[in-house]
Asks: 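Got a structure for you, questions after.
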2 protein chains.
Amino acid sequence: MADKKPAFTIDKVNPHVVEAKYAVRGELAVKSEQYRSMLEKGEGKNLPFDTVISANIGNPQQLDQKPITFFRQVLSILENPDLLQAPDKLEQFFGYKPDVVTRAQELLKAVKSVGAYSQSQGAPLIRQSVANFIGKRDGYPADASSIFLCGGASSGVNTLLNCICSGPKTGILVPIPQYPLYTATLSLLNAQMVPYYLNEENNWSTSVDDMKKALQKARSDGIDVRAVVVINPGNPTGGSLSEADIQSVVKLATHEGLIIMADEVYQTNIFAGQFSSFKKVLRKMQSDSPREYASTQLASLHSVSKGMIGECGHRGGYFELVGFDEQVTAQIYKFISIMLCPPVIGQCMVEVMVNPPAPGSPSYELYRKEYDGIFNSLHDRANALYKAFEAMEGVSCRVPQGSMYLFPTVKLPQKAIEAAKKEGRAPDEFYCLRLLDATGVCIVPGSGFGQKEGTFHFRTTFLAPGTEWVGRITEFHKKFMDEFR
Amino acid sequence: MADKKPAFTIDKVNPHVVEAKYAVRGELAVKSEQYRSMLEKGEGKNLPFDTVISANIGNPQQLDQKPITFFRQVLSILENPDLLQAPDKLEQFFGYKPDVVTRAQELLKAVKSVGAYSQSQGAPLIRQSVANFIGKRDGYPADASSIFLCGGASSGVNTLLNCICSGPKTGILVPIPQYPLYTATLSLLNAQMVPYYLNEENNWSTSVDDMKKALQKARSDGIDVRAVVVINPGNPTGGSLSEADIQSVVKLATHEGLIIMADEVYQTNIFAGQFSSFKKVLRKMQSDSPREYASTQLASLHSVSKGMIGECGHRGGYFELVGFDEQVTAQIYKFISIMLCPPVIGQCMVEVMVNPPAPGSPSYELYRKEYDGIFNSLHDRANALYKAFEAMEGVSCRVPQGSMYLFPTVKLPQKAIEAAKKEGRAPDEFYCLRLLDATGVCIVPGSGFGQKEGTFHFRTTFLAPGTEWVGRITEFHKKFMDEFR
């Protein structure tokens, strides 16, 4: 018998999976992990750096950010409720204050065990906590039955796009640059990404005129555009929208019959001005003009992965639905029920995030200190990085406003562009690969997020501790420009 | 201005989502939750029962199964590594043995923090642990690079079907009855479920002749059948396949160029005979006839949700790929990377499951006692339930062999079938709804899993504590038969 070849080969793989692109964890990330592994095994003696800096992904706790003590104390009890047998010893030897114990007891009552499936939508008490948080944040009440807990905001976006998209004629307005989760998911669903460009000159704000143009063009191509995605504060841009910008988007979406998908996972990472939620702005507009905004549909997302929490590995998040009827909500519920429920300990992390120790409670002081410490340190590093970029030849960067990223633009010399072409790479990818090979600093090329034709950017987080690595970028950049100028 | 209606209504929802069916968490489950909530609020005084019994879903810890102590002690330290500051106090006051502390330290070293994203495929050390476990289980080595950790086996099935299916001409052989995850996911992907019937008379075994017939029919309809799903031990059937049955499936799949998707999440829930993994059987066949089975492709799944672990809420699991080339594996990797990584604490739960305390280690004795206690109690309840079913008029049930379910067949009187029709319900759904309304016991009608035309079944778990609820079913059944005979 002749040797048979396996039947399932690359030509059989779902073409929509093959088409999907996800640069954040792409070639550069894989290569950086190989470098890290070489260094750990002592095989990296010939490398021109001694550490790898993962500035490609917003993963704070991989970069030495310490978790918030209260959160983790509560979760440790949820994992092992036997710890409740001696709360006095927990306090005496491990610093667990009484409010830690109380919170753990409440959550255990709500979920019974973190090892049990919860309702697919999430445990009712936790959804109520989220509703209370939103009510307090916005000054307008929220309804627990409209809250869906999910395994990180990524899973929420996946749910929403799966339910909204009905094949190749469905379109979704997506900002460019964008977080590639959106384009990748639309590829998988064989739906259309309808790009609208953010306004770099105006700190990466939304331009409703651009949105309208993109919408009209897509419609004239026969695309049924159903939703507009807004990421605020912006990823990868670091921009933060004004209330007026948000109003314009709500107005446009309402008049054009578009669902607003507000990705607000960076809502506490704000360094300039104040965060306004889409929900709050919408409720205000509805209270001013009830009939005009009666039909608006909004889905807003939040997560435990970002902010000062940075609990990415716990995969916790939620989305809130506004203006969706019962029939649609029932379909969304059915969709998520196929995957049973989001991780229950992640749901509990959502609860402590939205309901942290209140002023005056035993754990408050430490919580405040840790929270502010992380905030200030992020802010300082953002500014240091910003200044370094502004001082580099051909690089220009917007003032840090929010999120965990800077997205500078870099004018690459013609010779570099040609050298990239020879390697069959995008010029910004070429730049980032050179940076990684020379310094061990891993960042993501702008082409992974989308950018205006002929412009080049890169995204870097400002999470890595210290500032030594910023110096590595500065030095590399100088040499790169000298080589290709 | 006239009131505008929201644009996104049920007619716009992705039709593949609307088509998908998922009975395990459907109408009956929702109604049972309403009853439970009424009873909790003291509003259930007119109900003919005082507790709701959720026998519809394999959720052990919702039904008072206690978690394994060693697992949860380790996880509590992972959530709060500050506990490591005083291991002696942990032992003195909370019974943490030294091997708990050592394991927690090893896992923390491997993941750095459970709040950090891991590699999308899962932390390398944990994948190596899984590979060691498989090697020991099967007597054939496994490779960590072929292991993908995932958020429960459901998420693994989702990944595999997304990559394998390329639209409406792709078909997947699925056993009937089946766990509805498979049909629901195929609906979402707009791919074809190609049913093959399990052999109820022979303890729900697979019949390769039936598979072949189903395959030939689908191919003659122009369907590109790419994989065959086998659930062993069976859900909902409780059957357990012999090595000879598995060999026949491997042979057929290899000769027909089908990927084998082996859902083996109940591999430790075995009450008769011994579990044989597809991997082991395949390796044996490959060692006997290397050329004949060189091309076989297998993906096998396991989970922390079932077995004696029952840690559903932690959403942990893995799949192992055998015979997939690098290009295909890279696409699977990209697909999962879009969702970043499975829950890290769930990954750690996988690690302790596959690497429990070894004989002689400090935590071993308690672990063994807890494990055996759960096993014996499940076995006892399975037998009690089986005996009760066998004694009921018109009900017949296979001897419990494996998994957490019994799937008896019930001969419904013609009058009951007509009464069901009047309500627009399937007869078995009518029966289960009546049971719920009369007794508070929630089970799932066979139509939710698929069954031969004209036969009626229901699936019940045997997880609920005690046997009082079994009496409720017996009593209801007698009255039901009297009413409709």
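As the structure is a computational prediction, the values presented were derived from the model and not from experiment. Labels below follow one simple rule: chain letters A, B, ... track the order of the sequence lines, proteins then strands, and each chain is numbered from 1.
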Asks: Could you tell me which portion of B:R72 (side chain, backbone, both or neither) has an atom closer than 4.5 angstrom to a non-hydrogen atom of chain A?
Replies: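 The answer is both parts of B:R72.
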Asks: Please classify the contact of A:F8 with chain B as side chain, backbone, both or neither, using a heavy-atom distance under 4.5 Å.
Replies: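 Looking at A:F8, backbone and side chain both touch chain B.
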Asks: Does any backbone or side-chain atom of B:Y179 lie under 4.5 Å from a heavy atom of chain A? Answer side chain, backbone, both or neither.
Replies: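 Interface part for B:Y179: side chain.
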Asks: Can you tell which part of A:E256 gets under 4.5 Å to a heavy atom of chain B, answering side chain, backbone, both or neither?
Replies: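 A:E256 touches chain B through backbone heavy atoms alone.
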Asks: Report which part of A:D325 has an atom under 4.5 Å of a heavy atom belonging to chain B: side chain, backbone, both, or neither.
Replies: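 Interface part for A:D325: side chain.
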Asks: Crowded around B:K66 NZ? As in, over 12 foreign heavy atoms under 6.0 Å?
Replies: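 No, because the 6.0 Å sphere around NZ of B:K66 holds 12 heavy atoms or fewer from other groups.
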Asks: For A:L188, is it the side chain, the backbone, both or neither that has a heavy atom under 4.5 Å from a heavy atom of chain B?
Replies: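 Answer is side chain: those atoms of A:L188 sit under 4.5 Å from chain B.
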Asks: With chain A as the partner, which of B:Y117, B:F93, B:Y96 has the greatest number of non-hydrogen pairs under 4.5 Å?
Replies: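 With the most close heavy-atom pairs to chain A, the winner is B:Y117.
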Asks: For A:P342, which atoms come within 4.5 Å of any heavy atom of chain B: side chain, backbone, both, or neither?
Replies: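 The backbone, not the side chain.
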Asks: Identify which one of A:E33, A:R36, A:Q62 satisfies the side-chain hydrogen bond (donor to acceptor under 3.5 Å, both in side chains) criterion when paired with A:S54.
Replies: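 Result for side-chain hydrogen bond (donor to acceptor under 3.5 Å, both in side chains) with A:S54: A:R36.
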Asks: Is B:I57 in contact with chain A via its backbone, its side chain, both, or neither, using a 4.5 Å heavy-atom distance?
Replies: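 The side chain, not the backbone.
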Asks: Tell me, for B:K12 versus chain A, whether the close heavy atoms (under 4.5 Å) come from the side chain, the backbone, both or neither.
Replies: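 B:K12 touches chain A through backbone and side-chain heavy atoms alike.
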Asks: Given that the side chain runs from C-beta out, which part of A:Q297 has a heavy atom under 4.5 Å from chain B: side chain, backbone, both or neither?
Replies: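 When you check distances to chain B, only side chain atoms of A:Q297 fall under 4.5 Å.
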Asks: What part of A:I259 lies closer than 4.5 angstrom to a heavy atom of chain B: side chain, backbone, both or neither?
Replies: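 Just the side chain, heavy atoms under 4.5 Å.
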Asks: Quick check on B:T9 against chain A: is it the side chain, the backbone, both or neither that has a heavy atom closer than 4.5 Å?
Replies: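 Contact with chain A: backbone and side chain both.
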Asks: Please flag which part of B:C165 lies under 4.5 Å from any non-hydrogen atom of chain A: side chain, backbone, both or neither.
Replies: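 Only the backbone of B:C165 comes within 4.5 Å of chain A.
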